[in-house]
Amino acid sequence: MDTGASVNILPYELGTQLGLIWENETLSVLLAGNLARFEARAVVVAAQVSYFPAVDLAFAWTQAPNAPLILGQANFFFEFDVCFFRSRSEFEIRPKQVE
């Protein structure tokens with residue numbers, strides 16, 4: 001998780017392990033920072049976090065070598081409430097409350 005990241009990042013190798021095919025994903029995404037020089041494509045992956053119901057997470061699937069998996073503002077933090085307990089080096093994740 002990265003509260004400062006605007007988007008979720010999916011490393012290329014992990015995307016291929018999930019069965020994604022680069023050539024089939026045609027929507028380009030522009031990344032910033034150290035990932036800006038690498039091509040990225042938008043993908044949506046059904047993801048299950050812990051025992052919570054699966055949600056669709058949108059990722060920028062990047063060809064950057066050694067890119068980490070990043071869960072960022074769009075849309076991980078839209079789908080989950082995350083509480084950080086810095087003094088204990090812990091965090092807690094809950095599905096968003098639907099009102």
Beyond-backbone contact of C83 with R94, side-chain heavy atoms, under 4.5 angstrom: yes
With a 4.5 Å heavy-atom cut-off, do L18 and F59 have their side chains touching? no
For T3, does its backbone N or O pair with a side-chain atom of Q73 as donor and acceptor, under 3.5 Å? yes
Is the CG atom of N24 crowded by more than 12 outside heavy atoms at less than 6.0 Å? yes
Residues two or more places apart in sequence or in another chain: which of them pass salt bridge (Lys or Arg N to Asp or Glu O under 4.0 Å) with R86? none
Apply side chain to side chain contact (heavy atoms under 4.5 Å, CB included) to S6 and list each qualifying residue two or more places apart in sequence or on a separate chain. none
4.5 Å side-chain heavy-atom contact, F91 and F85: no
Trace of the side chain to side chain contact (heavy atoms under 4.5 Å, CB included) decision for V82 with E92: CA-CA 6 Å; V82 182; E92 181 181 316; over 6 Å; no
side-chain hydrogen bond (donor to acceptor under 3.5 Å, both in side chains) contacts in which one or both residues fall within residues 41-57, not counting sequence neighbours: E39-R41
ILVMFWY network linking L10 to V44, side-chain heavy atoms under 4.5 angstrom: no
Minimal non-hydrogen separation, A60 against A40, with atom names: CB-CB, 4.4 Å
If the condition is side chain to side chain contact (heavy atoms under 4.5 Å, CB included), which residues does E23 pass it with, not counting sequence neighbours? I21
Roughly how far, to the nearest 0.5 Å, is CG of L71 from CG of L69? 5.0 Å
Donor-acceptor pair, distance only, cut-off 3.5 Å: does the side chain of D81 make one with the backbone of K96? no
Fellow cluster residues of L35, listed by chain then number, with links counted only when side-chain atoms sit under 4.5 Å apart: V7, I9, V29, L31, I70
Identify, with sequence neighbours excluded, every residue that meets side chain to side chain contact (heavy atoms under 4.5 Å, CB included) alongside V55. L57, E79, F80
Count the heavy atoms of every other residue, nucleotide or ligand shown that sit under 6.0 Å from CZ of F38, and state whether that count exceeds 12. yes
Measuring from atom OG1 of T62 to atom CD of E13, what distance do you get when rounded to the nearest 0.5 angstrom? 13.0 Å
F84 with V49, same ILVMFWY side-chain cluster at under 4.5 Å: yes
Mind checking the CG-CH2 spacing from L20 to W22? Nearest 0.5 Å is all I need. 10.0 Å
